[in-house]
Amino acid sequence: MEREMIDLLKDQVRVKDGQIADLTIQNKSVVALNEKLTGAVVHHTEQIKTLLQLTGGRMEPDELSTRPGPLVNSSDTQSVNNGEPVGDHQVGSAAKLAA
């Protein structure tokens, strides 16, 4: 009877070890996904910050279309795309704006 109980407990320990291994793998996957999502949030935050800087903080399209004068000044545009021209204007990278 004691031997049967010991064998039963050993089997339960093996099952739990397998569950722990499976959960460890699942946890690593969740951590990797969380890191990717956090990176995406940081990237989108930087893009939003850049867009808000370029629009002067205006978020509604009608506010942008009725704003007098140019949408951005030349100093803003040069810092947005490393000074590379795009059309008649120069646009720069978000990394420089965030710095």
Side-chain angles (χ1 to χ4, degrees):
M1 173 88 174
E2 291 175 6
R3 186 68 188 156
E4 290 175 8
M5 286 297 286
I6 292 173
D7 289 341
L8 176 66
L9 292 173
K10 283 182 179 180
D11 286 340
Q12 287 179 348
V13 168
R14 278 189 215 105
V15 169
K16 292 299 177 187
D17 284 345
Q19 290 173 341
I20 290 171
D22 292 343
L23 290 173
T24 301
I25 292 169
Q26 184 180 4
N27 189 43
K28 287 180 181 180
S29 297
V30 169
V31 167
L33 178 61
N34 187 40
E35 289 173 354
K36 289 177 185 178
L37 292 174
T38 301
V41 167
V42 169
H43 177 72
H44 288 122
T45 301
E46 290 172 359
Q47 287 180 329
I48 290 169
K49 181 180 176 182
T50 301
L51 289 172
L52 286 172
Q53 288 175 344
L54 292 173
T55 62
R58 291 176 172 78
M59 296 176 60
E60 298 297 322
D62 58 337
E63 290 178 355
L64 295 174
S65 63
T66 59
R67 181 179 175 195
L71 186 58
V72 291
N73 64 37
S74 62
S75 65
D76 287 343
T77 56
Q78 288 179 354
S79 65
V80 178
N81 195 20
N82 301 325
E84 296 177 19
V86 176
D88 293 335
H89 303 284
Q90 291 183 342
V91 188
S93 70
K96 283 193 174 186
L97 289 175

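Scanning for side chain to side chain contact (heavy atoms under 4.5 Å, CB included) contacts around S29 gives an empty result, with sequence neighbours left out. Taking the side chain to side chain donor-acceptor pair (under 3.5 Å) definition, one finds that Q19 meets it with K16, sequence neighbours left out. Here Q12 pairs with L8, L9 under the side chain to side chain contact (heavy atoms under 4.5 Å, CB included) rule; sequence neighbours left out. The side chain to side chain donor-acceptor pair (under 3.5 Å) search around D11 returns R14, not counting sequence neighbours. Residues passing the salt bridge (Lys or Arg N to Asp or Glu O under 4.0 Å) test with D22: none are found, sequence neighbours excluded.
With hydrogens and angles ignored, the 3.5 Å screen pairs a side-chain donor or acceptor of H44 with a backbone N or O of A40.
Annotation: side chain to side chain donor-acceptor pair (under 3.5 Å) contacts involving residues 1-10, sequence neighbours excluded, are absent. Contacts classified as side chain to side chain donor-acceptor pair (under 3.5 Å) and involving residues 32-42 (residues at least two apart or in different chains) are not found.
Grouped with L37 in one hydrophobic cluster are L33, the linkage being side-chain heavy-atom contacts under 4.5 Å among Ile, Leu, Val, Met, Phe, Trp and Tyr residues.
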